[in-house]
Each structure stands twice: as C-alpha cells, then as structure tokens.
Amino acid sequence: MNNETAPIKDHFGRVLKDLRISVIDKCNFRCTYCMPKEIFGEDYVFLSEKELLSFDEIIRLANTFARLGVEKIRITGGEPLMRRNLDHLIAELANIPGIKDIALTTNAVMLTKMAKKLKAAGLERVNISLDAIEDDVFKDINGRGVGSSPVLKGIEAAKEAGLGIKINMVVKKGMNDSQILPMARYFKGKDIILRFIEFMDVGNHNGWDFKHVISKKDIINTINEELPIEPAEENYYGEVASRYRYKDGEGEIGVISSVTDSFCGTCTRIRLSADGKLYTCLFASDGFDIREKMRQDELSNDALEQELTSLWGRRKDRYSEERTEETQRNRKKIEMSYIGG
Ligand code: SAM
Ligand code: SF4
Ligand code: SF4
C-alpha cells in the first residue's frame with residue numbers, strides 16, 4: 001500500500017482494498033441468468049462511447065483509489081475484452097504506485113488472440129467463466145450457441161501466456177447442476193482452480209428464486225461423494241471462496257457462497273460501472289455518479305479524494321447478511337452485466 005494516506009474505513013471498520021472496474025456493458029454472450037436474450041435483444045440500448053468513462057478518467061480514479069489504500073484491481077464487464085485497446089488501459093493501471101495485482105474476469109472467447117498482449121501489459125490473472133463442459137448444456141446457457149471449446153482454447157492461451165487462471169462456474173438448479181461433477185473431473189489435476197458460485201439474486205431480469213440455488217453444502221457433498229475433498233485454510237484475509245483440496249493431492253476447488261453463507265464482514269470491495277457510477281455493494285440500488293462530478297465540477301485531486309473517502313466512510317452495506325424475501329423481490333437492483341460481478 002501507498003504510505004501517504006492511511007487506509008480508509010467504512011461505517012463498520014472495513015477497509016477499502018479492492019476496486020472492480022467494469023469497462024463495458026456489452027457482451028458477446030447472452031447467458032440466461034445474466035443477460036437474457038428476451039431483455040437484452042437487438043433493440044436494447046447500451047451505453048454510448050460518450051457515456052463510457054474514458055481511459056484517462058478510469059486511470060485518474062484508480063490513482064486516487066490507490067492513494068486511499070486500494071491494492072487490487074479487477075477488470076470486468078459486460079465482456080471486458082470487447083473494450084478496444086484494453087491492453088493500453090492495463091499497462092497504465094499496472095504503473096500506478098500501490099497497485100499490487102491486476103486481474104480480469106472474462107468469458108475467454110476472445111482470449112486466444114489477446115492473452116499474450118494482456119500479459120505483456122501487466123495483467124497477472126484471469127478468472128474465466130465457464131458454466132458447463134458439455135456443449136449442449138453450455139450452448140443453451142450462453143444464448144449464442146457457442147460450445148465449450150472456444151472457452152477451453154482461451155484457457156489454453158492464458159496458460160501459454162503465463163497468466164494465473166481460475167475458472168468460475170455459476171451453479172443454478174435445472175440449468176447446469178448436471179455439470180458439477182463433469183467440470184470437477186475435467187479440471188482436476190490440471191493445476192487450475194475451479195470455483196463454484198451460488199446463483200445470486202443480482203439484477204431484476206434473471207427470474208431469481210431461492211429454489212434455483214444449489215447451496216455450498218450440496219455442491220461440496222456432490223463432489224466429495226466421487227472425488228474426496230477436505231477443507232483448506234484461507235489464503236488471505238477476506239478471501240471470498242471457501243477452499244477445499246482433493247485428498248489425493250490433485251489440486252483444489254473453491255465455493256463462493258454469497259447466498260447461504262455470506263461474507264459481508266470482510267467485504268473490502270468497491271465497484272465502478274462503465275459509465276462512472278460507484279457502488280459500495282453488489283446489491284446496491286443506486287450508484288454515486290463520480291463521472292458527472294469529474295466532468296462538470298472539474299474536481300481537484302484533493303476534492304476527488306475527499307469525495308471517495310466520504311463515500312466509503314458512509315458505507316453500511318451488508319446485503320447478503322440482511323437478505324430477506326422482501327429485499328429479494330421488491331428491491332431495485334443493478335444488473336450483473338452492468339456492474340460486472
Ligand atoms: N463477461 C465476463 C464473464 O462472464 O466472466 C465478466 C462479467 S460477468 C457479469 C462476471 C461473473 O458474474 C461471471 O462469472 C458470471 O457467471 C457471474 N454472474 C452473473 N450473474 C450471476 C448471478 N446471478 N449469480 C452469480 N454469478 C453471476
Ligand atoms: Fe456476458 Fe459474462 Fe453476463 Fe455471460 S455472465 S452474459 S459472458 S457478462
Ligand atoms: Fe460485499 Fe454487498 Fe456482497 Fe456483502 S452483499 S459481500 S457488502 S458486495
């Protein structure tokens with residue numbers, strides 16, 4: 001961390017450590033649980049160039065956040081690889097004093113062409129989303145009829161480029177619970193960590209219902225019956241995935257249980273949308289429009305720092321701990337494709 005400023009704390013004493021930057025709201029997939037085709041159709045209006053934060057604006061914000069204690073940056077979207085010249089942005093982010101780690105979340109379809117360039121720019125790790133290994137299941141999920149092989153090629157390219165890789169699989173009952181074991185079998189022993197994510201009640205359009213959630217406990221039991229696992233210790237403070245290692249030594253898996261076993265107490269993340277709104281929680285209804293402040297008010301760097309400090313200081317979010325039937329159904333929530341997960 002940078003020594004100029006003390007780490008800032010929110011209302012509950014949680015420090016700010018991670019910045020997630022969504023660089024685009026468009027995507028080349030239409031995953032049924034994230035951007036259902038019926039809503040994100042041909043006539044859906046995405047953000048215009050002018051509405052997107054420019055790279056200069058993103059870098060200015062990232063610099064300020066780094067001064068306030070942010071050490072890790074994750075680039076996401078939509079599909080972040082669809083943002084032109086993403087490697088230029090990564091190169092500049094990698095040069096910011098205090099930033100120790102830059103990662104990217106992607107569906108990996110465009111990674112075959114870009115992995116080397118991104119690594120050279122300073123990217124260290126990728127989280128690749130893959131919800132099924134069997135083509136028929138995956139084609140139905142991504143809404144574009146794409147089989148798993150373009151993603152597997154993207155994974156291969158990331159490996160060759162020397163990027164760290166984790167695979168993220170959202171598990172939804174009836175959609176891909178049949179794929180828990182095939183995915184585990186496929187990645188076991190390949191030196192790649194597969195992480196299962198409980199289906200979350202983000203957004204307003206994915207028809208979320210608790211009965212679609214397969215709990216961490218059920219995921220663990222399913223795997224353990226065929227491929228014995230045991231709990232492994234946390235890697236670092238605030239790690240969101242619970243880790244389990246295969247008893248035969250062939251690697252590990254993770255489970256992210258934001259529904260059945262939440263982790264708000266150690267949540268050190270702030271999220272920046274592609275159009276410059278800051279969200280202090282994935283389940284927030286509204287964001288803080290920092291783009292307008294920067295564009296209209298010609299904020300000085302000190303004033304910008306104060307705005308961000310005060311926003312984090314006011315933070316009382318702990319949605320997953322407070323989740324009730326009422327909040328699930330009636331609260332307006334931002335879309336996952338807009339905020340990036
Ligand atoms: N397009 C990129 C990708 O899919 O990796 C980055 C953006 S995507 C919104 C980020 C992550 O959010 C993906 O791993 C996706 O599976 C996950 N996600 C989207 N909707 C979700 C939901 N309702 N519950 C849990 N995870 C979700
Ligand atoms: Fe696109 Fe990622 Fe959402 Fe799928 S999960 S629709 S790849 S943003
Ligand atoms: Fe953080 Fe909000 Fe998720 Fe809790 S619900 S872990 S505060 S993003």
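Both counts, for ligands and for their atoms, begin at 1 and track the order of listing.
Residues Glu79 and Thr106 have side chains that bring a donor and an acceptor to within less than 3.5 angstrom of each other. Tyr33 and Asn176 are not linked by any side-chain donor-acceptor pair at a separation below 3.5 angstrom, with hydrogens and angles left out of the test. No side-chain donor from either of Asn107 and Ser129 sits under 3.5 Å from a side-chain acceptor of the other. Checking Asp56 against Ser54 by side-chain atom types alone, no donor-acceptor pair falls below 3.5 Å. Of the N and O atoms on the side chains of Tyr279 and Asp317, not one donor lies less than 3.5 Å from an acceptor on the other residue. In this structure, a donor-acceptor pair under 3.5 Å is present between the side chains of Arg74 and Thr105. Thr64 and Arg60 share no donor-acceptor pair across their side chains, judged by distance under 3.5 Å alone. Between the side chains of Glu198 and Thr260, at least one donor N or O sits under 3.5 Å from an acceptor N or O.
By the criterion of a heavy-atom distance under 4.0 Å, both the backbone and the side chain of Thr105 are placed next to ligand 1. Contacts between Arg271 and ligand 3 below 4.0 angstrom, taking non-hydrogen atoms only, involve the side chain exclusively. Contact annotation for Thr106 and ligand 1: only backbone heavy atoms (N, CA, C, O) come within less than 4.0 Å of the ligand.
For Glu198, the closest heavy-atom approach to ligand 1 falls below 4.0 Å. Within the structure, the closest approach of Glu321 to ligand 3 does not fall below 4.0 Å when heavy atoms are considered.
Screening Arg315, Arg318, Lys316 against Asp10 for a salt bridge (Lys or Arg N to Asp or Glu O under 4.0 Å) leaves a single residue, Arg315.
Using a cut-off of 4.0 Å between Lys/Arg side-chain N and Asp/Glu carboxylate O, Asp261 and Lys217 are scored as not salt-bridged. A salt bridge does not link Lys119 with Glu124: every distance from a Lys NZ or Arg NE/NH1/NH2 to an Asp or Glu carboxylate oxygen is 4.0 Å or more.
Nearest non-hydrogen protein atom to atom 8 (S) of ligand 1 is Gly340 O, 4.4 Å. Of all protein heavy atoms, the one closest to atom 26 (N) of ligand 1 is Val170 CG2, 3.3 Å. Among protein heavy atoms, atom 16 (O) of ligand 1 sits closest to Tyr33 OH, 2.8 Å. Gly78 O, 3.3 Å is the protein heavy atom nearest to atom 6 (C) of ligand 1. Closest protein heavy atom to atom 19 (C) of ligand 1: Met336 CG, 3.2 Å.
Between the side chain of Arg291 and the main chain of Leu53, no donor-acceptor pair closer than 3.5 Å is present. Remark: the backbone N or O of Val23 is paired with a side-chain donor or acceptor of Arg83 at under 3.5 angstrom. In this structure a side-chain-to-backbone donor-acceptor pair under 3.5 Å is present from Ser273 to Lys277. Remark: side-chain polar atoms of Thr309 are paired, donor with acceptor, to backbone N or O of Glu305 under 3.5 angstrom.
Protein N, O or S atom count below 2.8 Å of atom 1 (Fe) of ligand 2: the structure gives 1. Tally of protein N, O or S atoms closer to atom 2 (Fe) of ligand 3 than 2.8 Å: 1.
Between Ser129 and ligand 1, at least one pair of N/O atoms sits closer than 3.5 Å. Backbone and side-chain nitrogen or oxygen atoms of Glu79 are examined, and one is located within less than 3.5 angstrom of a nitrogen or oxygen of ligand 1.
Relative to the ring axis of Tyr186, Lys190 places its NZ or CZ within 45° and under 6.0 Å from the centre. Judged by a 6.0 Å distance limit and a 45° cone about the ring axis, Lys216 is not positioned over the six-membered ring of Phe196.
The ligand atoms of ligand 3 that sit less than 4.0 angstrom from a heavy atom of Phe263 are 6 (S). Taking every heavy atom of Thr76 and a limit of under 4.0 angstrom, the matching atoms of ligand 1 come to 6 (C), 7 (C). Each of the following atoms of ligand 1 lies closer than 4.0 Å to a heavy atom of Val202: 22 (C), 23 (N).
Looking at Arg20, Glu335, Met200, it is Met200 that brings a heavy atom closest to atom 23 (N) of ligand 1.
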